Amino acid sequence: MSKTPPRLTSPREVAAYLKEKGMSPLKKFGQNFLCDENILHKIADAACPEGACVLEIGMGLGALTHVLAARASRLVTVEIDRGLIRAQREDIGLPDNAVLVEGDILETDLEAAAASFGDQPFYVCGNLPYYITGRILMLLLESLLPIQAITAMVQKEVADRLAARPGDSDYGALTALAGYYSAPETLFTVSSSCFYPAPDVDSAIIRIDLAHPAVTAVPFADYRRIVNAAFAMRRKTIQNNLRSIFGPETASVLESCGIRAAARAQELTPEQFACLAERERQK
Ligand code: SAM
């Protein structure tokens, strides 16, 4: 049954609630609770259309959970921290259309979560724990599940990594995988005063639209295989990294895609990764 959650709409209220429960924010779980109602609504509005199925990562004290669930037809939220799970049971409650999966998002059976949406397309949203933001985004991008869009609070450094261009120092496998889809957007930045405790890095809301691939020449599974092989050893040349796939043909395959043998993976455009994936399909 749903309960009326405690009012947690300012850093002071969140601090007082945690104190009353004998809890404190856990740095090891990246706990910075968002307590600005305006920002919570802006995130939910950007995350999904009314009536969508939503997977939330990191329920926390349920602030975003409740706002998202008010828009969603069904919501699954994942939380690792037993203290927060207890607080949810004792005081915060969950809306009737929401279920909590207890555990580590990196170990969660995402296919089971997707199946609970009746295998319908779904949206992912979360104020992500910053110690594993990159790993969570990689997991979602690589999942092959019918995710329509990812809307997430990330540290600005990750937003910059997603927006990096080939040749930039922060261009990596995450950027290249996201590059399969239409360019990830940074929707807005969020002041650290909107959280309790205030994070010591700048934060931004990013959105990756997975429903509209920018690269359509090859299926994502094939593109992903090439990106992962190309970035296997970041310091090695693309020729060395791709030898495991193309063997003695590697040099000619690279040439046919207009790629220098001495290039590094971080210099390639999504179209060049797609070209390599196409060559692998033709093998
Ligand atoms: N959604 C809440 C909000 O907006 O206030 C909490 C956001 S807080 C930045 C990140 C949340 O993710 C915390 O509740 C934390 O306990 C949870 N978390 C951390 N690591 C996790 C993991 N590996 N799997 C699932 N949840 C995790």
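FYI, side chains are in, hydrogens and waters are out, and symmetry mates aren't considered; it's all heavy atoms of this structure. Start at 1 and go down the list; that is how both ligands and their atoms are numbered. Note that the structure is predicted; figures quoted are calculated from it, not measured.
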Which of these, M59, K28, M153, E79, has its nearest heavy atom closest to atom 17 (C) of ligand 1? E79
Lys/Arg cation over aromatic Y131: K28, 6.0 Å, 45° cone: no
Would you check whether Y131 reaches within less than 4.0 Å of ligand 1, judged by its heavy atoms? yes
min-distance protein heavy atom vs atom 5 (O) of ligand 1 -> L34 N, 2.8 Å
Is the closest heavy-atom distance from L106 to ligand 1 below 4.0 Å? no
Looking at G126, C35, G30, the heavy atom closest to atom 8 (S) of ligand 1 belongs to G30
For atom 24 (N) of ligand 1, what's the nearest protein heavy atom and its distance? I105 N, 2.8 Å
How close does the nearest protein non-hydrogen atom get to atom 1 (N) of ligand 1, and which residue and atom is it? G58 O, 2.7 Å
Are any of the heavy atoms in A63 under 4.0 Å away from ligand 1? no
Heavy-atom nearest neighbour in the protein, as seen from atom 10 (C) of ligand 1, with distance rounded to 0.1 Å: N127 O, 3.5 Å
Between E90 and K21, does at least one N-O distance fall below 4.0 Å, as a salt bridge requires? yes
Non-hydrogen atom of E56 closer than 4.0 Å to ligand 1: yes
Polar atom proximity, D104 to ligand 1 (N or O, under 3.5 Å): yes
Donor-acceptor pair, R264 side chain versus R235 backbone, under 3.5 Å? yes
What is the closest protein heavy atom to atom 27 (C) of ligand 1, and at what distance does it sit? I80 CG2, 3.5 Å
Side-chain donor-acceptor contact under 3.5 Å, N228 with E142: yes
